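Just so it is clear, the structure is predicted and the values come from calculations on it, not from any experiment. We use all heavy atoms of the structure for the numbers below, so side chains are in, but hydrogens, waters and symmetry mates are not.
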Amino acid sequence: MLKVFFLLMALGALTLGAAEKPVYEQNFDEEVPGRVPNNWKVRWGQPGNDTFLVSSRQAASGDNALELHHHSDTPMFGIGVELGNVVSNGTLRVAYKLRLAPGTDLGFEVRDSERKVSVARWNFSRAVFMSASTKPGAKGGRIWIGGTRSDEWYSVEILLPVGKDKGEMIRYSITDMAGKTSSAEVEYCRTDKPLQYFYVNFPPAGGAETVVYLDDLMITHVE
């Protein structure tokens with residue numbers, strides 16, 4: 001009877017989560033440390049001395065993570081992945097773990113299929129706050145992190161409405177290891193094109209040399 005109970009519970013969980021479909025997932029555990037991870041490449045600008053390599057030095061789960069090493073003399077540039085399935089309706093959920101170094105400046109974006117429109121943009125500035133913006137003149141949002149610890153992983157989640165029936169606001173949230181969640185909402189920058197790219201943007205030259213780790217990237221689609 002106990003086995004039947006757990007089987008029914010598992011089937012119920014699958015049914016409840018059936019509407020959420022995977023779009024892109026990568027935890028880097030199947031990748032080779034010291035190499036650029038599969039599907040990632042420079043999307044704009046020149047990396048200079050900066051690197052984005054699989055590393056076994058840190059991991060939120062498993063053995064590996066993506067190590068982002070920024071040098072102070074490197075111009076601004078962006079890396080990213082093309083999503084396996086384009087999304088043109090419903091809600092896009094972007095979730096990942098991030099280990100920030102003190103003084104970190106790092107940006108993230110979701111772009112449309114032509115890579116012309118930055119539908120959602122969020123940045124970590126000096127590792128003390130997370131700001132979000134979209135189209136010029138739109139209302140932005142800021143989440144105060146309050147000085148991150150270099151030995152702590154943060155969970156980041158973005159809920160991005162794609163269909164018109166889902167509303168006009170994007171919800172950003174960040175959760176620390178103690179379980180404290182801070183969130184903000186910003187206006188959505190619409191595009192007629194489907195969503196297809198996830199970017200990580202390195203800051204312009206200047207500032208401190210920093211090493212940041214990204215892990216457990218999961219992008220899903222809820223119709």
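With hydrogens and angles ignored, the 3.5 Å screen pairs a side-chain donor or acceptor of N64 with a backbone N or O of F28. Here the side chain of D112 pairs no donor or acceptor atom with the backbone of K193 at under 3.5 angstrom. Judged by distance alone, with hydrogens and angles left aside, the side-chain atoms of E157 form no donor-acceptor pair with the main-chain N or O of T175 at under 3.5 Å. A side-chain donor-acceptor contact under 3.5 Å links H221 to the backbone of N89.
Across all non-hydrogen atoms, the minimal contact from A59 to W153 is C-CZ2, 3.4 Å. The minimum heavy-atom distance between G62 and D29, with the atom names listed, is CA-OD2, 3.3 Å. Closest heavy-atom contact between H71 and D50: N-OD1, 2.7 Å. The two atoms that bring A101 and T210 nearest to each other are CB-CB, 4.3 Å, heavy atoms only.
H69 and N49 share no side-chain donor-acceptor pair at under 3.5 Å.
Using a 4.5 Å cut-off on side-chain heavy atoms (C-beta onward), M76 and W44 make contact. Counting heavy atoms from C-beta on, the side chains of I158 and I170 come closer than 4.5 Å. Side-chain atoms of F124 and V212, non-hydrogen and from C-beta on, never get closer than 4.5 Å to each other.
Checking R57, R99, Q58 one by one against E67, the side-chain hydrogen bond (donor to acceptor under 3.5 Å, both in side chains) holds for a single residue, R57.
Taking the six-membered ring where the residue is Trp, F77 and F202 present parallel rings, their angle staying beneath 30° rather than reaching 60°.
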field: Trace of the side chain to side chain contact (heavy atoms under 4.5 Å, CB included) decision for Y172 with F108
entry: CA-CA 12 Å; Y172 298 81; F108 296 84; over 6 Å; no
task: Show your reasoning for whether side chain to side chain contact (heavy atoms under 4.5 Å, CB included) applies to L106 and V200.
output: CA-CA 7 Å; L106 197 64; V200 180; 4.0 Å; yes
